[in-house]
There are 2 protein chains.
Amino acid sequence: MSKSPALPASLKQLLVKGNELFLPGISIDCVIFGFHENTLKLLLLDSAKSNKWTLPGGFVLKSEDINDAAYRVLLERTGLKDIYLKQFDVFGQPNRIDVSAHKTTFEQYGSKIPKDHWLIQRFVSVGYFALIDYTNYAIQNDTMNSAYAWKGIEQVKNLPIDHDHGTIIQKALESLRTQLAYLPIGKNLLPKKFTMPELQKLYETILNKPLDRRNFQRKMLGFGILNKLNETRKGGAHKAPFLYTFNDKKYQKALKEGLYGSW
Amino acid sequence: MSKSPALPASLKQLLVKGNELFLPGISIDCVIFGFHENTLKLLLLDSAKSNKWTLPGGFVLKSEDINDAAYRVLLERTGLKDIYLKQFDVFGQPNRIDVSAHKTTFEQYGSKIPKDHWLIQRFVSVGYFALIDYTNYAIQNDTMNSAYAWKGIEQVKNLPIDHDHGTIIQKALESLRTQLAYLPIGKNLLPKKFTMPELQKLYETILNKPLDRRNFQRKMLGFGILNKLNETRKGGAHKAPFLYTFNDKKYQKALKEGLYGSW
DNA sequence: AATTCATTGCGTTAGACTGACACAATCTAA
DNA sequence: TTAGATTGTGTCAGTCTAACGCAATGAATT
């Protein structure tokens, strides 16, 4: 490898065309949650240059709706369309991004970035969290960009994270927890068919605390968003648990109206 | 009056200096809620030129945190500092603002706005809702800009509203309702001392439905965020209700941790 | 000064929900 | 066949909720 490898096409496009393609000063960051082996996972991108991990993100086309941009970014990154996506916060501190990082990135390729270039201005980022079906995505993982990796939510705490992406992740997790209290969750995180213990593990992982098995089941069934199937998941050295699916109609209704209503 | 009155200083500044002072393409819109005479009210600005009502808003200084910008806008508009401010959504549809409106505004003053001027680019707006003490603000209202007016939430439905500000108001109201279910509210909307019926009316107004007087009181007291005073509010031709204040410490704690926790 | 009337303070009750726990059924591995 | 872990179903006491009763109060009326 030479000291100045060729500038990747994607970066070159940003450098040359970013200015005319994208809105100035606005970016999107996606905190992509998946669930696998009883762990909540995040899809992170290894930004090889800085040796740190970053959130998958992107920019907004000049005539593109911001939410559409987020869906586009997700589609580009995961190939998935059936995704739950929620805008949860805006990150607008003036010095949240160290622009010098961008400079050095380009300098490593022997390219110089103009002083007042679009990319090294201050950026405000809109944070989205996404819930995706890990089993569905995992297939694509290997065939795509190997720089992406799933990291367990516990691991993430000990990883070097770029910019303010650590804060963004933290906020996303809090939002997810808050949502859990009044909206159904799981449809996008679990495979079509799942068992009650699997669903419970998902809740326990997100909430980071154990729940009583029997009370959980009663409450969950009480929401009326589950279909109990006449199949069981055999395999474990134990009594085979029944499989469930979400009742799409009622799930969507609960997403709109909330699970309780309280007042 | 001549056909081309003088360009107001504030507009001139936007035209001449906006470009260098503010971030490009990002604006702030504030949905300011107040409570008065058992009605939830919104502080709106009568944009005389278009004969429509708009939300108070502003732009973000080049080295200013977005949240700080929102507080600044609020301070400029209301003179109040003790405000509850919450970023609730981002509005990023490509055609949400009719830029031709800006053009005609300036043309009415005989000024022309350059074709690719900062102000007539596409803007993404960050929506905040604010809760303020109407009784506290009302004093300042007359001494400030008379173009501002409080409008009852019911009235607003029948007013002509600029751009997508109707949507923004709707979303703000929904967010406020959702918050009501798990966070305390009222500290910023009510005067220091208030009666239980007043607090109840606030809740009923936001939720747009009647609540049982006795159950409301029990629930509210159960939250443990109220101090019961040894005074009553005399004046009505009825039994004088006790006065309450919020217990600041517990109120703040509830704001952080939520009122229930549920799971 | 007594009466009226809307409103407030405090209380009750039945039903639903919650947290903690018991026990039998079932699946695979030993 | 048995052991061990896990699941399906159920119980029970305590708590919370919705709906409603009734006496006390304060100003207006007579």
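Each chain gets a letter, A, B and so on, in the order its sequence line appears, and its residues count up from 1.
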Separation of D:dT6 C1' from A:D212 CG (nearest whole Å): 14 Å
Over 12 foreign heavy atoms within 6.0 Å of NZ, B:K250: no
Rounded distance in Å - NZ (B:K234) to P (D:dA28): 13 Å
Nearest-nucleotide comparison on DNA chain D, the residue closer to the 5′ end among A:A237 and B:A240: A:A237
Which nucleotide in D:dC22, D:dA27, D:dG8 has an atom nearest any side-chain atom of B:R214: D:dC22
Aromatic contact, A:F88 with A:Y128 (centres under 6.0 Å): no
Salt-bridge contact A:R96-A:D29 (side-chain N to carboxylate O under 4.0 Å): yes
Closest to the B:H238 side chain, choosing from C:dA6, D:dG21, C:dT8: C:dA6
Nucleotide C:dA20, atom P - distance to NZ of A:K219 in whole Å: 13 Å
Spacing between B:N215 atom CG and C:dT13 atom P, to the nearest angstrom: 16 Å
Distance-only donor-acceptor test, B:R213 side-chain atoms vs C:dG9 base atoms, 3.5 Å: yes
Whole-Å distance separating the CZ atom of A:R233 from the P atom of D:dA5: 22 Å
Donor-acceptor pair between B:Y148 and B:D46 side chains, under 3.5 angstrom: no
Phosphate OP1/OP2 of D:dT6 contacted by A:K201 side-chain N/O (<4.0 Å): no
Polar side-chain contact B:R218-C:dG11 base: donor and acceptor under 3.5 Å: no
Presence of A:K239 side-chain N/O under 4.0 Å of C:dC23 phosphate oxygens OP1/OP2: no
